[in-house]
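The block underneath contains the structure these notes are about, expressed in structure tokens.
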Amino acid sequence: MGARALPAYAGMTGGRGSRRWDSGRLCYNLEAMTTQLLQGLNQAQREAVEAIDGPLLIIAGPGSGKTRVITHRIAYLARVVGISPHGIMAATFTNKAANEMKGRLSRLIGPRAEGLTVGTFHSFCARVLRRHGQLVGLAPGFGIFDTEDQMELMKAAMEEAEVDHKQFPRRSLHGVISKAKSVLLDAQGLAAQQGSYFEEVAARVYAHYEELMARNNGVDFDDLLLKTVTLFRTAPDVARWYQQRYIHVLIDEFQDTNIAQYALAKLLAEGYRNICVVGDPDQSIYSWRSADIRNILSFREDYPGAKVVTLEVNYRSTQAIIDAAKGVIAGNRQRLAKEILPSRGRGDRLVVHEAYNEEEEARFVVRQVERLLEDTPFKASDCAVMYRVNAQSRALEEAFLRHALPYRIIGGTRFYQRAEVKDLIAYLRLINNPDDEVSLLRVVNKPSRGIGRQSLDRLTHEARRQNIPLSWVLEQVRQERRDRLPPSFPLSPRAAGAVAGFMDMISGFREKKAGLELVELIDLLLEGIDYLGYLKGGADNWEERWENVLELRSVAGEYGGWDPGEGLTAFLEELALVADVDSYDGTTEAVTLITLHQAKGLEFPVVFITGMEEGLLPHSRSMDSPEEVEEERRLCYVGITRCMDRLFLTRSFKRGMYGRSLPTAPSRFLAEVPPRVIASADPVADGGRGLSSRAGGRARRVYSPAAAGAETPAADEEPPQVVFEPGDRVRHAVFGKGMVVQRAGEGRESEVTVAFLGDAGIKRLLVSFAPLQKVEG
DNA sequence: CAGTGGAGGCTTTTT
DNA sequence: GCCTCCACTG
């Protein structure tokens, strides 16, 4: 990334043309090595690299060369201080960040980088639990349950706890459980808390949920952390082994860690107390996932003598962009002021565009990209379009398609969540983990085998009666066959035959898997269940679905080198823990469409932030809590600070939600951008429709009150009674063009709330007095 | 047992 | 407006 980096920055990253690692020449020359690693670092960065003894807190502002500091610090530890890479652990926020770090480190220290432990907390925990999971009640081959599976278990847990799913949405209940786990509370712990009635109910469900999870031999994301902490606390010898191994522990994106993650890091660092955490409180955007900014405070309490280094120089963005970011973040009250020192030129001012609807907003983005590609050296891959919610990507995608501009979407409808992909994964999981009832129930009648709901209900009932896992009951059916089953067995002979056949097939796969490559197993499976035939008989887009299946198959192909049995486990683990951002490589020549959350840690020369509206950014769900609004503001700050050179902020007058299209008001964050860094707003740039269709060439002047006034009919002493409705486009003699957001009262007595395009913002006007008229859309 | 149709929910953000 | 869940019919 950063194809158009400025010279200063190119020097900083040492990216292009930087010399390659050369063991022969450098490894015996310590001085040269030291120089190489510290070269080009500023004073604070150098301090952060060289502070190798004891706890260290690095506060790293956006674009301050944080990644470079971390990698150089690790390289310094390994090559200058002489710490074995085997003794260094670094936790990152995403797998992608981990891979990137590994890549940079192998350039810095060569093949020894292989010895480093670099990964997300979740993947680290998964690995630990694969080794020692038995100590916390996990059988080998335990599965990692994704959100969808978790919801299935919640459904069952709520039934068992006799909790009404209409009164208590399972997502919210699960949220409470997840939150409890993130602060290391088990079901009893949650129940013991003097919480709300809702939490009381959640605690009851929690107990059943855990029981079900255990019966399935599964863990959810929170369990990975919780169980690893439990393991370290209950098996001191295991903990000690890791504590002695890790001489240095490093945590990136510390502001987005939760209590469990911090507890884990603390445990790991207990041996040497060399713990280095890197973060920026202003970029904390995951509190909804239980990230806890208090970790930074705890760190200073837990390690009183900790050295603190602050990285303040921004090497990424132009001054105009930094000014905008500072203006926005200054709106937060709960915040420690921090400098951001610009190091680049003033740069172009930002463009604020206000469109009439999503389609036009998208069209504006596409047009601007096209223009940049024509008139500037920027490439498509230099551009990113960011938004608050995934749903916003749709209009954008359509516009990109229509204009044949290449784009790549990060996230959205996730590949691994497609039904056909999940079906196949469920089969593989069931083969790998016989206790996985969620997967069993998903595939037992897919394709249709005549094992319907009634039969399954009876079998589930039977499992409960005998108090054994469902899979054992099915196994009984298979072993005994229909003729030898007791007559009391609650299953029709036909269904019993079908169940036996299904179980025969699955156990056949289990026997064969040890001798097969993963891909061979998948092929055998697809053939055995005739999945292609099933797809063809189902939806009309079967070709697309089959492509997805083949795509998954090709991912599995990368596990060719593995020991067959372990390959399957590793494959399933990766599927559970990879995010779609992880696949972003930045080399494809396409514009990136991405949520603001996922954009964290990335940078682009050109950035569009779309949907700058109240209700979207800040999101309506966060608007009644000041803390949450502050998090939204940080999210906006993260978006702005991703940008190196050209920043566009767009909003739309009307926004479709739940199928309805409703008028919107401009985001409060727009008003926090200092006006001096905004270029004259460009509301209906080239060919925008709507207003300009009638206003013609005057479109560019809508922002000038004088011009708008000139367009107002001169002598309208008694205007006919006009009824204004929300959504109507209007023109005001002074404030210019806008849209009615709300109306109170009737006729001439009525008062309307109008959102104006220009600086006027939102105004409440009396219809009888205001020089207001309707404009055709 | 499977397929259809109506009702109701739902959208933050993700490991 | 789209998806999921549930009830009812073939």
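Quick note on labels: first sequence line is chain A, next is B, and so on, each numbered from 1.
A donor atom on one side chain and an acceptor atom on the other are not found under 3.5 Å apart for A/Gln150 and A/Asp220. Between the side chains of A/Tyr286 and A/Glu253, no donor-acceptor pair is found at a separation under 3.5 Å. In this structure, a donor-acceptor pair under 3.5 Å is absent between the side chains of A/Tyr637 and A/Gln283. Side-chain atoms of A/Thr610 and A/Glu361 include no donor-acceptor pair closer than 3.5 Å.
The side chain of A/Asn445 lies closest to B/dA2, out of B/dT14, B/dA2, B/dT11. The side chain of A/Arg394 lies closest to C/dC2, out of B/dT14, C/dC2, B/dT11. Side chain of A/Tyr286, nearest nucleotide from C/dC2, B/dT15, B/dT14: B/dT14. Picking from B/dC10, B/dT14, B/dT11 the nucleotide with the shortest atom distance to the side chain of A/Pro169 gives B/dC10. Of the candidate nucleotides B/dT11, C/dC6, B/dT13, B/dT13 has the atom lying nearest to any side-chain atom of A/Thr595.
To the nearest angstrom, C1' of B/dT14 lies 14 Å from CG of A/Leu596. For the pair A/Arg442 CZ and C/dT4 C1', the interatomic distance rounds to 13 Å; values are reported in whole Å. With rounding to whole Å, A/Met154 atom CE is found 17 Å from C/dC5 atom C1'. Protein atom CZ of A/Phe145 is 23 Å distant from nucleotide atom P of B/dT14, rounded to whole Å. Going from atom OH of A/Tyr534 over to atom P of B/dA2 covers 11 Å, rounded to whole Å. Atom CZ in A/Phe221 sits roughly 8 Å away from atom P in B/dT15 (whole-Å rounding). The separation between A/Gln150 atom CD and B/dT14 atom P is 15 Å, rounded to whole Å. In this structure, the CG atom of A/Asp149 is 14 Å from the C1' atom of B/dT15, given to the nearest Å.
Contact annotation: A/Arg634 side-chain N/O to B/dT13 OP1/OP2 distance is not under 4.0 Å. Phosphate proximity of B/dT14 to A/Gln598: present, with a side-chain N or O under 4.0 Å from OP1 or OP2. A close approach under 4.0 Å does not occur between any side-chain nitrogen or oxygen of A/Asn390 and OP1 or OP2 of B/dT11.
Take the nearest nucleotide of DNA chain B for A/Phe121 and for A/Leu456: the residue whose nucleotide is more 5' is A/Leu456.
Looking at heavy-atom distances under 4.0 Å, A/Arg655 makes no contact with the nucleic acid at all.
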Show, in sequence, the C-alpha distance, side-chain angles and deciding distance for A/Lys181 and A/Glu210, and conclude whether the side chain to side chain contact (heavy atoms under 4.5 Å, CB included) test is met. CA-CA 11 Å; A/Lys181 287 184 176 182; A/Glu210 283 308 283; 3.0 Å; yes
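Stacking between A/Trp288 and the base of B/dT13 is present: ring centres sit under 5.5 Å apart and the planes differ by under 30 degrees.
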